[in-house]
Structures are given as structure tokens and as C-alpha cells.
Amino acid sequence: KDIKEPKRSFILSLLKDFTRLEADLEKLSTAQEYIINPNNPTEQIVLPIHKVIHDKQAQKNDIATKILRSLDTETTEESPLLKALARFE
């Protein structure tokens with residue numbers, strides 16, 4: 001509430017994207033990323049979903065970093081939001 005516009009709108013937009021990506025990753029968490037090659041059991045075959053999950057995780061981490069950097073100059077005490085976002089770095 002102490003953050004001034006337009007930074008406040010920017011951070012809220014980032015938070016929406018962050019939560020959307022978090023929900024997407026939750027849905028994808030049960031997806032199989034690899035299969036074992038039936039002809040060579042020591043070989044794993046990477047499925048395309050692996051890249052999707054990796055890209056979404058990278059985007060989420062990037063957004064968390066942007067939010068933390070934006071908030072870093074706004075406050076002197078550590079807020080609950082900063083503590084929660086710091087877990088994702």
C-alpha cells in the first residue's frame with residue numbers, strides 16, 4: 001500500500017503473471033517429462049513437456065527477481081511478500 005503509481009501497477013501485473021505461472025506449473029507437476037527407451041533401458045528420452053516446464057519455471061523466477069528488485073527500493077523492513085518471493089530465487 002505504500003508503493004506509488006506506476007510502480008504499484010507494474011508490480012501487481014507481475015504478481016498476476018507470477019501466480020498464473022505458478023498455477024500452470026502446479027498442473028504440469030504430474031506430467032511425465034522423460035520416458036525410458038524400450039530398446040536401451042539406460043537411455044532416457046526427453047519429452048517436449050520438459051522444455052515447457054523449464055521455460056515456465058525460468059519465467060516465474062525472472063518475475064520474482066523483478067518484483068524483489070522493484071520492492072527493494074520501496075521499503076526498509078522485510079515484508080511478508082518479500083519473504084515469500086525470496087523462496088523462489
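Residue numbers run from 1 in the order of the sequence given.
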Using distance only, find each side-chain donor-acceptor pair of residues 47-54 under 3.5 Å and give its atom names and separation, not counting sequence neighbours.
{"unit_1": "His50", "atom_1": "ND1", "unit_2": "Glu33", "atom_2": "OE1", "d": "2.6"}
{"unit_1": "His50", "atom_1": "ND1", "unit_2": "Tyr34", "atom_2": "OH", "d": "3.3"}
{"unit_1": "Lys51", "atom_1": "NZ", "unit_2": "Asp55", "atom_2": "OD2", "d": "3.1"}

Expected output: side-chain Thr19 to main-chain Leu15 donor-acceptor under 3.5 Å: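 Answer holds: yes.
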Side-chain touch Gln44/Ile36, heavy atoms, less than 4.5 angstrom: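 Result yes, sub-4.5 Å side-chain heavy-atom pair found.
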Side chain proximity check, Lys60 to Ile63, heavy atoms < 4.5 angstrom: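 No, too far: nothing below the 4.5 Å cut-off.
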Greater than 12 external heavy atoms within 6.0 Å of Glu5's CD: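 For Glu5, atom CD is crowded (more than 12 foreign heavy atoms under 6.0 Å).
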Interatomic distance, Asp62 atom CG to Phe18 atom CZ [nearest 0.5 angstrom]: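 CZ of Phe18 is found 11.5 Å from CG of Asp62.
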Point-to-point distance, once rounded to the nearest 0.5 Å, from CD of Gln57 to CG of Leu21: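 Nearest 0.5 Å value for the CD-CG distance: 9.0 Å.
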Residues forming a side-chain hydrogen bond (donor to acceptor under 3.5 Å, both in side chains) with Lys56, sequence neighbours excluded: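 Partners of Lys56 by the side-chain hydrogen bond (donor to acceptor under 3.5 Å, both in side chains) criterion, ordered by chain and then number, come out as Asp24.
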